[in-house]
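Below is one structure; the comments refer to it alone.
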Amino acid sequence: MHAHASLNHSELSILPRPASIARVEGYFQLTRDTVIVTDQETQAIGTLLANALAPALGFVPRVLTGEQSPLPAISLGIDPQLAQLGQEGYTLTVTAEQVTLRAAHRAGVFYATQTLRQLLPVEIFSSTPVSQTWNIPAVSIEDAPRFSWRGCMLDSARHFIPTQEVLKLIDVLALHKINMLHLHLTDDQGWRIEIKKYPRLTEVGAYRKETVVGHAHKSQEYDGTAHGGFYSQEELREIVAYAAARFITVVPELDLPGHAQAAIAAYPELGVLQAPVEVSTTWGINPYLFNPTEEVFQFLRDVLSEIMDIFPSPFIHIGGDEAIKDQWQASQQVQALIKKLGLKDEDELQSWFLSQLGTFLTQHNRRMLGWDEILEGGLPAGATVMSWRGIEGGIAAAQAQHDVVMTPNTFVYLDYYQSNDPEEPLAIGGYLPLDKVYSFDPIPAELTPEQARHILGAQCNLWCEYVPTTKHLEYMLFPRAIALSEVAWTPKERLEFSDFRGRLAVHEARLASLDVNFRPVEKLDQEQTFPARQRSW
Ligand code: TNX
């Protein structure tokens, strides 16, 4: 086999970039005669592949399970010999005679199919028939991810994201080997998850009467239009199953003890003030906190029970962010509790509050995950930290031997502006161009190799205060979420922005065929012509 000296972008534009790939001479020709052969374990993956290829082929390739095929085949199967490639690694070998996808585990075989789709000409993503004969370049690929957590957070709380759009995005994320979908389901502006025991959470909490127009930092104007929506438990089960079939774990977030205004609007007795309040109509940090009482803990345990019933995720996110403590400070009853527990202050009370729920989650074999504020007042035992205010929280947590997911606003907050173009749609602020996302290294230099093992991976977060439509959502996600996927998957020494950019330019045809709204990579060339943004809104 002769490896080509230089790789042709239009032929080999795989995102995220595989750990190793060698082009050899020749092609496998995919025709009407080609069958997909699988073993029992990979049958469902073979069917997904057949269905993904079908629209552009104009026919659905046959899937044969547990049989030798006399015909040219795309062969999927488990090979325990490949255990050294981990839970998600795979090999993909294309020769003129056969296409062979192998991994020690099903996830790896799935990722091999996502790579295979990107080895085919980009037109294979077409939703209408293009040709019945396709060339797949002969290659030898061995690939495995750098990190086990490759995440994306969507904020359904600020603007509701309909189920169909979530399903669409799951397909697009899986194409890029993202394996964690974090859903931010509760906040001041909306409660989006049906809880059978507490129906008012969605009857009342899922709707706000109107929404601030423009940037909340300077606007006093409201749109006078109700906004809302929520996921029924049935819809969430559909999302979870759809994601699981594509090897994505859906991590639910219930934000505590702050960001609680919608819940308190539904049940004022949950709040410190015990007084009515409306679902928030503007953005920012609101003061409404859950009251630290046994009744409220019972409520939260009930809610978490229903959440655990829907989401098999080993991680349950309990928020912990931006809980300004004014209401706890002003409450005699809360102050008496701090005294009684022998705690120093409200930060320690928050740590105690979250620990109660951490214990409950542990009893149910789940792991508590929280934003880096959970470090304040003492990190609850066993908690995993999402570092969002830069990487400092992640460093401190890893040094304390806690697991960490890196999601620093400085590198992966996709609600920030992606260029200085004055025509960019209104965003929360900040400046996060594509190359900045791409330059992120989830392992801080400060950590020893031992501590670095606590960095599970990286995740991009898309907060949706200023993202009212699904088209806009996709525009903010793509291509920056793809840069994140490469940062989290590809070995560090294989990360090169110029190479990424070249592959992305080819990849855009695939995104367009999938009807994904993205910011074109060629626009990067205009960036020097724009003045730097003077203010963030
Ligand atoms: C901070 S990041 C928040 C969110 C906002 C976001 C906007 C985090 C844990 N909390 O509530 O939407 O900033 O960038």
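For the single chain, residues carry numbers from 1 onward in sequence order. Predicted, not measured: the structure shown is a model, and the values here were computed from it.
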V405 side chain near W388 side chain, heavy-atom distance below 4.5 Å: no
Residue pair T93 / V99, side-chain heavy-atom distance below 4.5 Å: no
Distance-only polar pair, side chains of W149 and Q459, donor-acceptor under 3.5 Å: yes
R62 atom CZ, neighbour heavy-atom count above 12 within 6.0 Å: no
Flag, side chain of R366 to backbone of S313, donor-acceptor distance under 3.5 Å: yes
All salt bridge (Lys or Arg N to Asp or Glu O under 4.0 Å) counterparts of D403, not counting sequence neighbours: R367
Partner set under side-chain contact (heavy atoms from CB on, under 4.5 Å) for Y431, not counting sequence neighbours: N420, P433, E527
F360 vs L304 side-chain heavy atoms within contact, under 4.5 Å: yes
Closest heavy-atom pair and its distance - L447, A398: CD1-CB, 3.9 Å
Residues V251, L181; criterion side chain to side chain contact (heavy atoms under 4.5 Å, CB included); working and verdict: CA-CA 6 Å; V251 179; L181 174 61; over 6 Å; no
Close side-chain approach of M180 to R150, heavy-atom, < 4.5 Å: no
Parallel, tilted or perpendicular: ring planes of Y231 versus F160, cut at 30 and 60 degrees: tilted
N-O pairing of R480 and D435 below 4.0 Å: no
E194 and K196 ion-paired at < 4.0 Å: yes
With K168 via side-chain contact (heavy atoms from CB on, under 4.5 Å) - residues at least two apart: E165, E474, D515, V516
Ring pair (Phe, Tyr, Trp, His ring centres under 6.0 Å) partners of residues 474-495, not counting sequence neighbours, each pair once: Y111-W489
Pairing of R17 and D143 as salt bridge, 4.0 angstrom limit: no
Q81 atom CD: more than 12 heavy-atom contacts under 6.0 Å: no
Distance-only side-chain donor-acceptor flag, R494 / S20, under 3.5 Å: no
Pair H184, H259: side-chain N/O donor-acceptor within cut-off below 3.5 Å: no
Pairs touching residues 38-58 that satisfy ring pair (Phe, Tyr, Trp, His ring centres under 6.0 Å), sequence neighbours left out: none
Side-chain donor or acceptor of R510 paired with backbone N/O of Q118 under 3.5 Å: yes
I124 versus L120, closest heavy-atom pair with distance: CG2-CB, 3.8 Å
T42 side-chain N/O to T38 backbone N/O, donor-acceptor pair under 3.5 Å: no
Sub-4.5 Å side-chain heavy-atom contact between R158 and D187: yes
Residues T65 and Q43: side-chain donor-acceptor under 3.5 angstrom: yes
Heavy-atom pair with the smallest gap, counting every atom of A104 and I78: O-CG2, 3.4 Å
E234, CD atom: more than 12 neighbouring heavy atoms under 6.0 Å: no
Partner of H182 by ring pair (Phe, Tyr, Trp, His ring centres under 6.0 Å), out of F315, W371, W463: W371
Derivation of the ring-ring contact (aromatic ring centres under 6.0 Å, His included) call for H227 and H159: CA-CA 8 Å; H227 177 84; H159 280 101; 5.0 Å; yes
Side chains of F125 and L514 in contact at under 4.5 Å (non-hydrogen atoms): yes
Heavy-atom side-chain contact between L361 and M308 under 4.5 Å: yes
Expected output: side-chain R23 to main-chain G26 donor-acceptor under 3.5 Å: yes
N-O pairing of K523 and E424 below 4.0 Å: no
Non-neighbouring partners of T410 that pass side-chain contact (heavy atoms from CB on, under 4.5 Å), sequence neighbours left out: P408
Pair S419-R519, side-chain donor/acceptor within less than 3.5 Å: yes
Validation row: L48, R246 side chains within 4.5 angstrom (heavy atoms): yes
Taking every non-hydrogen atom, the tightest pair across D309 and R237: O-NH1, 3.1 Å
Residue pair M406 / P444: nearest heavy atoms and the distance that separates them: CE-CG, 3.5 Å
V130 to E123 - nearest heavy-atom pair and separation: CG2-O, 3.9 Å
R106, CZ atom: more than 12 neighbouring heavy atoms under 6.0 Å: no
Among L85, I141, V109, L101, the one residue meeting side-chain contact (heavy atoms from CB on, under 4.5 Å) with T91: L85
